[in-house]
Each structure stands twice: as C-alpha cells, then as structure tokens.
Amino acid sequence: MKSVLVFKTSVGKEKEVQQIRPSLNKLMQKNEQWNFDLEDCDKILRVETVHLTAKTIKNTLHTFGYQCEEL
C-alpha cells in the first residue's frame, strides 16, 4: 500500500534539489515519486512510497547537510 510521507526541510533552492535528486531517485521504486514545494515556508518534501521509511529519507537529506523533519 502506497503511503505519503511529508517533511519540513531546509532545502531552499532548485540547485539544491538538483544536488539531492540522484540520491532520492536511486531510493525510488517503480511508481514511487517525490517532489519539493520550495514556495512553501517549510520547503516541503513530499514522498509517495510503498517501501521507504521516514528515517531513510531524513538520513539521505542529512547526508547532504540539510535538515529534514517529518510532519
């Protein structure tokens, strides 16, 4: 069953999203997706997934030096 994980992040620019993109894409399986809403004050990351956990996503962003908190 697909779940939606929503995170508040410190990612603020499109070039930062591009830096993270390969790592997030590598985590995704077929029919899973993610996107950032950089216009939102919380710089929202939304992940639609069947298998990923919030911890995996948070660890991935922390690797790049960004803060990430599940909402």
>> Within the supplied structure, the quantity of interest is the number of heavy atoms (other residues, nucleotides, ligands) at a distance under 6.0 Å from E39 CD; does it exceed 12?
In response: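 12 or below, so no.
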
> Would one find more than 12 heavy atoms of other residues, nucleotides or ligands at under 6.0 Å from atom NZ of K26?
Replying inline: no

How far does [atom1] of [X] sit from [atom2] of [Y], to the nearest 0.5 angstrom?
{"X": "E70", "Y": "K8", "atom1": "CD", "atom2": "NZ", "result": "14.0 Å"}
{"X": "T49", "Y": "Q33", "atom1": "OG1", "atom2": "CD", "result": "10.5 Å"}
{"X": "N59", "Y": "T53", "atom1": "CG", "atom2": "OG1", "result": "8.0 Å"}
{"X": "Q19", "Y": "F64", "atom1": "CD", "atom2": "CZ", "result": "5.5 Å"}
{"X": "R21", "Y": "K15", "atom1": "CZ", "atom2": "NZ", "result": "15.5 Å"}
{"X": "W34", "Y": "I20", "atom1": "CH2", "atom2": "CD1", "result": "7.5 Å"}

Would you indicate whether the side-chain heavy atoms of [Y] and [X] approach each other to under 4.5 Å?
{"X": "M28", "Y": "V47", "value": "yes"}
{"X": "E16", "Y": "Y66", "value": "yes"}
{"X": "L71", "Y": "F7", "value": "no"}

> Is there a donor in the side chain of T60 and an acceptor in the side chain of T63, or the other way round, less than 3.5 Å apart?
Replying inline: no

> Distance only, no hydrogens: is a donor on one side chain within 3.5 Å (strictly under) of an acceptor on the other, for H51 and E32?
Replying inline: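 Result is yes, a qualifying pair exists.
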
> Between V11 and L45, does a side-chain contact (heavy atoms from CB on, under 4.5 Å) hold up when you go through it step by step?
Replying inline: CA-CA 9 Å; V11 177; L45 168 60; over 6 Å; no

> Would a hydrophobic clustering, with Ile, Leu, Val, Met, Phe, Trp and Tyr connected at side-chain separations under 4.5 Å, put V50 with V4?
Replying inline: no

>> When you group the ILVMFWY residues by side-chain heavy-atom contacts below 4.5 Å and let the links chain together, are L61 and I44 in the same group?
In response: no

> Counting N and O atoms only, with roles assigned by atom type, does the side chain of K58 sit under 3.5 Å from a partner on the main chain of C68, one being a donor and the other an acceptor?
Replying inline: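 No; zero donor-acceptor contacts below 3.5 Å.
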
> Under the side-chain contact (heavy atoms from CB on, under 4.5 Å) criterion, do Q67 and T9 qualify, and how do the steps go?
Replying inline: CA-CA 5 Å; Q67 297 197 6; T9 75; over 6 Å; no

>> For V17 versus L38, what's the shortest heavy-atom pair and its separation?
In response: CG2-CD1, 3.9 Å

